[in-house]
Engineer: 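I am attaching a structure below and will ask some questions about it afterwards.
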There are 2 protein chains.
Amino acid sequence: MDQNMLFQKFVAFTAAVHQITYDMTKGVKSEMITPVQYKIVEYLAVSQPVTLSEISECLHMSMPNTSRELKKLTEKQLCEKVADDEDRRKQYIRLSPKGKAMMHEAFGQIESRFVERVQHMSAEELKDIEAALDLLHSKVFY
Amino acid sequence: MDQNMLFQKFVAFTAAVHQITYDMTKGVKSEMITPVQYKIVEYLAVSQPVTLSEISECLHMSMPNTSRELKKLTEKQLCEKVADDEDRRKQYIRLSPKGKAMMHEAFGQIESRFVERVQHMSAEELKDIEAALDLLHSKVFY
DNA sequence: CCTTTTACTTATCAAATGATAAGTAAAGGA
DNA sequence: TCCTTTACTTATCATTTGATAAGTAAAAGG
């Protein structure tokens, strides 16, 4: 019950999460987009509308680079910029219909892969899994 | 209790795991190394000795690129290549003492950050966390 | 007003990464 | 023995990503 053993499990677990995330998202991203651009669009899908600064901060990239990638995404018609009325320096970014469709497609594929893993389970098992997700999310990965 | 809600939690959870992994590993990697090179050395630390092909496959990079990065790591004296006696085409790769020291340092920092998160907890809580890690690892992230 | 700060853009440049073609050298058959 | 496959290397090139300098335009504060 030492913390060292718990740390070993933590490391092995996070490695597994990264591996499964890779497996489940592999191939879902459209070819018209680079990995960083996918990250941005994925972030937008969950958090829109956001400002350029927020994207820059949350995705750990510099403002100039964020601006550049966002410009490319806008040129590809995957997202739109809307100027804020209150503060006209700000730009609210959100997905375009095309961008939404793309992410809907992607999330659909990911969800079906998730369901494959989970469909054979009993209600009991699902409840345990839910509880475990909640516990770790609140106490370790917060 | 629907699977859709569970999927939402799964997505939020994996996002949190990625975020925390980023936080906990940020700044631990030596400046003499690129991100991909760190990935390789990290993999070596856990799995050595391995062949070049295994690294290539597990880290999803092409053989030529793996070979190149490994060459750079060898030049930096962070890992060593040992020819297999049975099959002299094969190269077993392992960390050098310097590479081991580097990863020991890195894992030490990560572990201390982990311990910060966990040290205030009761034995009961730690046991629950361990059980949750085991459950999710075996049933979802396998 | 005038200065400073904030939010973002444009332009470059360098470094890291990915992809492909073409090799070598050893092993494994037929 | 000769051919094929395997494991890896070298070379090269394009793309992606990261970093920095210098700008614009609006807001905020004196």
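Chain A is the first sequence line, chain B the second, and so forth, proteins listed ahead of strands; every chain is numbered from 1. Predicted model, so just to flag it, every value in this text is computed and none were measured.
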Engineer: Taking the six-membered ring of A/F141 (Phe, Tyr or Trp), confirm whether the NZ or CZ of B/R117 is under 6.0 Å from its centre and within 45° of its axis.
Structural biologist: no
Engineer: Within the structure shown, what part of the strands sits under 4.0 Å from B/K81 by heavy-atom distance: base, sugar-phosphate, or nothing?
Structural biologist: sugar-phosphate
Engineer: Rounded to whole Å, how long is the line connecting atom CD1 of B/I33 with atom P of C/dA16?
Structural biologist: 11 Å
Engineer: Please work out if A/P64 contacts a base, only the sugar-phosphate, or nothing of the nucleic acid, heavy-atom cut-off 4.0 Å.
Structural biologist: base
Engineer: To the nearest Å, give me how far apart CD (A/E69) and C1' (C/dT9) are.
Structural biologist: 14 Å
Engineer: Rounded off to whole Å, could you give me the CZ-to-C1' distance for the B/R88 and C/dT24 pair?
Structural biologist: 14 Å
Engineer: Does NZ belonging to A/K9 count more than 12 external heavy atoms closer than 6.0 Å?
Structural biologist: yes
Engineer: Measuring to OP1 and OP2 of C/dT10, would you say a side-chain N or O of A/S67 lies under 4.0 angstrom away?
Structural biologist: no
Engineer: Closest-nucleotide mapping onto DNA chain C: is A/Q91 or A/R68 further toward the 5' terminus? I mean the 5' end.
Structural biologist: A/Q91
Engineer: Under 4.0 Å, heavy atoms only, any strand: does B/E54 hit a base, just the sugar-phosphate, or nothing?
Structural biologist: nothing
Engineer: So for A/D87 and C/dA7, does any side-chain atom that can act as donor or acceptor lie under 3.5 Å from a complementary atom in the base?
Structural biologist: no
Engineer: For B/T51, report the nucleic acid contact type (base, sugar-phosphate, nothing); a contact means any heavy atom under 4.0 Å.
Structural biologist: sugar-phosphate
Engineer: Indicate, yes or no, whether a donor-acceptor pair under 3.5 Å links the base of C/dG28 to the side chain of B/R89.
Structural biologist: no
Engineer: To the nearest Å, how far apart are B/K71 NZ and D/dT9 P?
Structural biologist: 9 Å
Engineer: Without decimals, in angstroms, what is the distance between A/D84 CG and D/dA26 C1'?
Structural biologist: 12 Å
Engineer: Without decimals, in angstroms, what is the distance between B/E57 CD and D/dA7 C1'?
Structural biologist: 13 Å
Engineer: Output the rounded distance in Å from CG (B/N65) to P (C/dA21).
Structural biologist: 14 Å
Engineer: In terms of the nearest nucleotide of DNA chain C, which residue is placed more toward the 5' end: A/M63 or B/M61?
Structural biologist: A/M63
Engineer: Using a heavy-atom cut-off of 4.0 Å across all strands, would you classify A/Q37 as base, sugar-phosphate, or nothing?
Structural biologist: nothing
Engineer: Are the aromatic rings of A/Y22 and B/H60 close, with centres under 6.0 Å apart?
Structural biologist: yes
Engineer: Determine: side-chain N/O of B/S53 to OP1/OP2 of D/dT6, distance under 4.0 Å, yes or no.
Structural biologist: no
Engineer: Quick one: pull up CG in B/L73 and CG in B/L95 and give me the separation to the nearest 0.5 Å.
Structural biologist: 9.0 Å
Engineer: Any Lys/Arg nitrogen of A/K72 or A/E69 sitting under 4.0 Å from an Asp/Glu carboxylate oxygen of the other?
Structural biologist: yes
Engineer: Within this structure, what is the CD1-to-C1' distance between B/I93 and D/dC8, rounded to whole angstrom?
Structural biologist: 10 Å
